[in-house]
Amino acid sequence: MGCAQGKCCLPRHPRRGSSCAVGGRGDHGGATLGRAAVPGAGLVLEYAALAVAGLYPDSPARESQDAHLVATRFAGDPDLHLFAVFDGHGAAGAACAGFARDALLRLLLASPSLAADPAAAFREAMLGANAEMHAAPGVDDSMSGTTAVAALVAGGALHVANVGDSRAVAGVWRAGRVVAEDLSWDQTPFRADERARVKACGARVMSVEQVEGMRDPEAEGWAPDEGDPPRVWARDGLYPGTAFTRSLGDLAAEAVGVVAEPEVKSVEITPSHLFFVVASDGVFEFLSSQEVVDRVATYPDPRDACSAIAAESYKLWLEHENRTDDITIVIVHIRDMENVLQGVTKQTMVVSGHQ
């Protein structure tokens with residue numbers, strides 16, 4: 001969900017495109033497949049990525065504003081693997097998302113603390129990418145920007161950094177079923193702590209109806225499914241209107257507390273961790289974390305899961321609105337290397353009902 005003027009009302013048929021060169025189109029709706037070993041932890045990652053441009057009938061030529069990144073053997077280390085999604089918004093949203101993807105990759109590669117302290121490396125890189133975007137001559141981020149959610153597999157650990165309302169979630173085998181374990185937290189005015197933070201910076205937090213005088217401007221308790229979310233506004237103007245409280249870019253919004261400081265979560269990868277998903281809010285607008293995890297768990301091939309979730313998300317958008325958002329999803333299955341060599345995977349065992 002972008003700024004109030006940034007994601008309005010796109011072509012009648014889905015247009016598929018990818019913002020990183022992971023290439024190819026097969027029988028899986030355009031999803032791509034790859035594998036990477038994590039020798040230090042005895043794991044194999046099997047991953048797929050899919051990007052579907054949004055449907056905006058009023059702007060049929062509008063380009064996708066999402067970008068994504070898959071970088072295995074990151075920095076030449078066989079135990080480091082990076083997966084990230086960027087969801088641009090505003091008139092220059094596509095440029096912002098592409099810039100953030102490239103800058104984050106470069107800054108993390110140059111970080112001396114990446115292996116020893118991934119959380120610190122993520123913070124430095126995201127803040128650095130934000131500062132660089134403000135100064136980039138070819139990117140006007142005054143009223144545009146991008147979310148960023150990045151997951152780094154570092155041996156037997158998983159580190160997730162998030163800015164905005166894209167999301168990462170893991171599928172964990174627990175008590176006989178696959179349970180969603182959120183790896184990031186959406187940073188929006190729905191959160192009391194984020195709402196208080198931006199208000200302390202001088203922001204007004206209101207829905208569009210409240211701004212237009214159709215509802216009490218002081219009332220809170222917005223319903224997540226009512227379609228008119230709380231947004232961040234300057235005290236003296238009808239901008240920026242962002243439905244998130246953190247982002248990369250959005251220079252004008254920084255004055256009212258929309259910052260690029262990520263929240264970082266680190267977890268140890270256990271035998272119960274079956275897979276994780278990194279996706280834009282085009283997926284999570286109408287599907288919960290658990291609903292996404294449930295769908296992934298039914299498909300042994302992550303390409304099929306990507307295609308099914310993208311199709312379901314697309315359908316739900318059109319059931320609720322006359323357009324769809326851009327949809328980008330990366331799914332990473334976590335396999336045990338010994339089982340892979342034997343032709344058996346944890347996902348296969350779950351699908352068949354055994355663990």
Side-chain angles (χ1 to χ4, degrees), residues 20-23 31-50 68-85 101 104-105 107-122 125 149-162 168-174 178-184 264-279 293 296-297 299-303 305-306 329-351 355:
C20 67
V22 286
T32 56
L33 180 68
R35 291 183 180 85
V38 191
L43 302 174
V44 172
L45 307 179
E46 184 176 71
Y47 56 88
L50 179 64
H68 68 279
L69 170 67
V70 174
T72 57
R73 296 181 59 89
F74 193 69
D77 189 330
D79 283 334
L80 292 181
H81 308 277
L82 179 67
F83 307 87
V85 167
R101 175 200 60 211
L104 185 66
L105 177 64
L107 291 170
L108 284 175
L109 282 170
S111 173
S113 60
L114 180 61
D117 191 349
F122 268 133
V149 59
L152 178 72
V153 174
L158 179 60
H159 308 276
V160 176
N162 180 55
V169 59
V172 182
W173 184 257
R174 188 176 298 150
V178 183
V179 177
E181 178 185 295
D182 282 322
L183 300 171
S184 68
V264 182
K265 180 174 182 176
S266 299
V267 299
E268 291 298 317
I269 298 173
T270 72
S272 296
H273 285 86
L274 307 179
F275 56 81
F276 63 89
V277 178
V278 182
V293 162
V296 175
Y299 295 95
D301 189 321
R303 293 173 295 179
C306 282
I329 182 168
V330 180
I331 296 173
V332 183
H333 284 173
I334 304 171
R335 318 287 200 188
D336 182 271
M337 187 177 292
E338 183 177 346
N339 285 339
V340 169
L341 294 175
Q342 295 174 355
V344 181
T345 69
K346 290 190 289 183
Q347 186 73 9
T348 301
M349 291 187 282
V350 169
V351 170
Q355 176 71 9

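FYI, side chains are in, hydrogens and waters are out, and symmetry mates aren't considered; it's all heavy atoms of this structure. For reference, positions follow the sequence shown, starting with 1. Quick caveat: nothing in here was measured; it's all calculated off a predicted structure.
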Enquirer: Do the non-hydrogen side-chain atoms of L274 and I334 ever get within less than 4.5 Å of each other?
Expert: no

Enquirer: Do Y47 and L33 pass the side chain to side chain contact (heavy atoms under 4.5 Å, CB included) test, and can you show the C-alpha distance, the side-chain angles, and the key distance before you say yes or no?
Expert: CA-CA 6 Å; Y47 56 88; L33 180 68; over 6 Å; no

Enquirer: Applying side-chain contact (heavy atoms from CB on, under 4.5 Å), can you list everything that pairs with A151, at least two apart in sequence or on another chain?
Expert: L158, V160, F276, V278

Enquirer: Looking at side-chain heavy atoms only, is the closest gap between F74 and V153 below 4.5 Å?
Expert: no

Enquirer: Compare all side-chain heavy atoms of L152 with those of F122 and state whether any distance is below 4.5 angstrom.
Expert: yes

Enquirer: Below 4.5 Å, heavy atoms only, C-beta onward: do R335 and L43 meet side chain to side chain?
Expert: no

Enquirer: Is the shortest heavy-atom distance from the side chain of T32 to the side chain of L50 under 4.5 Å?
Expert: no

Enquirer: What closest approach, in Å, do A305 and V296 show between heavy atoms, and which atom pair accounts for it?
Expert: CB-CA, 4.0 Å

Enquirer: What heavy-atom pair brings K265 and D182 nearest, and what distance separates the two atoms?
Expert: NZ-O, 2.8 Å

Enquirer: Would you check, one step at a time, whether the test side chain to side chain contact (heavy atoms under 4.5 Å, CB included) holds for I329 with V277?
Expert: CA-CA 7 Å; I329 182 168; V277 178; 3.9 Å; yes

Enquirer: Apply the test side chain to side chain contact (heavy atoms under 4.5 Å, CB included) to residues V332 and V330: give CA-CA distance (whole Å), side-chain angles for both, the deciding distance (0.1 Å), then the verdict.
Expert: CA-CA 7 Å; V332 183; V330 180; 4.2 Å; yes

Enquirer: Find out whether L183 and V169 are in side-chain contact, i.e. whether some heavy atom of one side chain is under 4.5 Å from a heavy atom of the other.
Expert: no

Enquirer: Nearest 0.5 Å please: distance from the CG atom of L114 over to the CG atom of L107.
Expert: 11.5 Å

Enquirer: Can you tell me how far CZ of F275 sits from OH of Y299, rounded to the nearest 0.5 angstrom?
Expert: 12.5 Å

Enquirer: Can you name the residues that form a side-chain contact (heavy atoms from CB on, under 4.5 Å) with A48, not counting sequence neighbours?
Expert: P302, R303, C306

Enquirer: Which atoms form the tightest heavy-atom contact between A279 and V85, and what is the distance?
Expert: C-CG1, 4.0 Å

Enquirer: Considering non-hydrogen atoms only, spot the tightest contact between A170 and V293 and give its length.
Expert: O-CG2, 3.8 Å

Enquirer: Does the side chain of E181 come within less than 4.5 Å of H273's, by heavy atoms?
Expert: yes

Enquirer: Can you tell me how far the CG atom of D79 sits from the CZ atom of R73, to the nearest 0.5 Å?
Expert: 9.0 Å

Enquirer: For T72 and H81, test the side chains for any donor-to-acceptor distance below 3.5 angstrom and give the result as yes or no.
Expert: no

Enquirer: Which pair of non-hydrogen atoms, one from A116 and one from P118, has the smallest distance, and what is that distance?
Expert: C-CD, 3.8 Å

Enquirer: If I compare all heavy atoms of L108 with all of A121, which pair ends up nearest, and what's the gap?
Expert: CD2-O, 3.7 Å

Enquirer: Could you tell me if the side chain of V44 sits less than 4.5 Å from the side chain of V38, heavy atoms only?
Expert: no

Enquirer: Between atom CG of L45 and atom CZ of R35, what is the distance when rounded to the nearest 0.5 Å?
Expert: 11.5 Å

